[in-house]
Amino acid sequence: MTKKNIEEIGIRTEFIKLDSFLKYAGVTDTGGQAKEAVLAGLVTVNGEVCTMRGKKIRPGDVVSIDDLELHVVAEK
């Protein structure tokens with residue numbers, strides 16, 4: 001089993017859309033790459049594959065792609 005790299009990513013808003021979150025977290029360089037990754041089924045949200053690039057990501061959610069696990073936290 002591959003070890004996941006875990007990072008905490010803080011957001012200042014109530015939510016952020018999934019494709020925007022991937023770009024904001026530095027997982028992809030562009031929104032287009034984020035959109036492609038989501039639509040290809042490469043991203044999971046809270047353990048389930050998510051193909052909705054506009055899904056609202058909130059503090060407490062866990063977004064995973066490849067061997068990266070991103071824990072969303074509220075930034076004050």
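With sequence neighbours left out, the side chain to side chain contact (heavy atoms under 4.5 Å, CB included) criterion links Thr51 to Val49. Residues passing the salt bridge (charged side-chain N to carboxylate O under 4.0 Å, His left out) test with Glu36: none are found, sequence neighbours excluded.
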Going through the checks in order, is the side-chain contact (heavy atoms from CB on, under 4.5 Å) test met by Lys4 and Asp67? CA-CA 5 Å; Lys4 292 237 181 216; Asp67 64 347; 5.5 Å; no

Hey, mind stepping through Val63 and Val43 against side-chain contact (heavy atoms from CB on, under 4.5 Å) and telling me if it holds? CA-CA 7 Å; Val63 178; Val43 181; 3.8 Å; yes

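Considering Arg53, Met52, Gln33, Lys55 as possible partners of Val38, the one that fulfils the side chain to side chain contact (heavy atoms under 4.5 Å, CB included) test is Arg53.
Rounded to the nearest 0.5 angstrom, Leu42 CG and Cys50 SG are separated by 12.0 Å. With rounding to the nearest 0.5 Å, the separation of OG1 in Thr28 from NZ in Lys35 is 13.0 Å. Going from atom CG of Asp61 over to atom CD1 of Ile16 covers 12.0 Å, rounded to the nearest 0.5 Å. With rounding to the nearest 0.5 Å, the separation of CG in Asn46 from OG in Ser64 is 9.0 Å. For the atom pair CZ (Phe21) and CG (Leu70), the distance works out to 5.0 Å, reported to the nearest 0.5 Å.
Hydrophobic clustering, with ILVMFWY side chains joined whenever heavy atoms are under 4.5 angstrom apart, groups Leu18 together with Leu68.
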Hey, can you pull the donor-acceptor pairs under 3.5 Å for the side chains in residues 5-15, sequence neighbours left out?
| residue | atom | partner | partner atom | Å |
| --- | --- | --- | --- | --- |
| Arg12 | NE | Glu75 | OE1 | 3.0 |
| Arg12 | NH2 | Glu75 | OE1 | 3.1 |
| Thr13 | OG1 | Phe15 | O | 2.8 |

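Closest non-hydrogen pair, Pro59 versus Ala74, comes out as CB-N, 3.7 Å.
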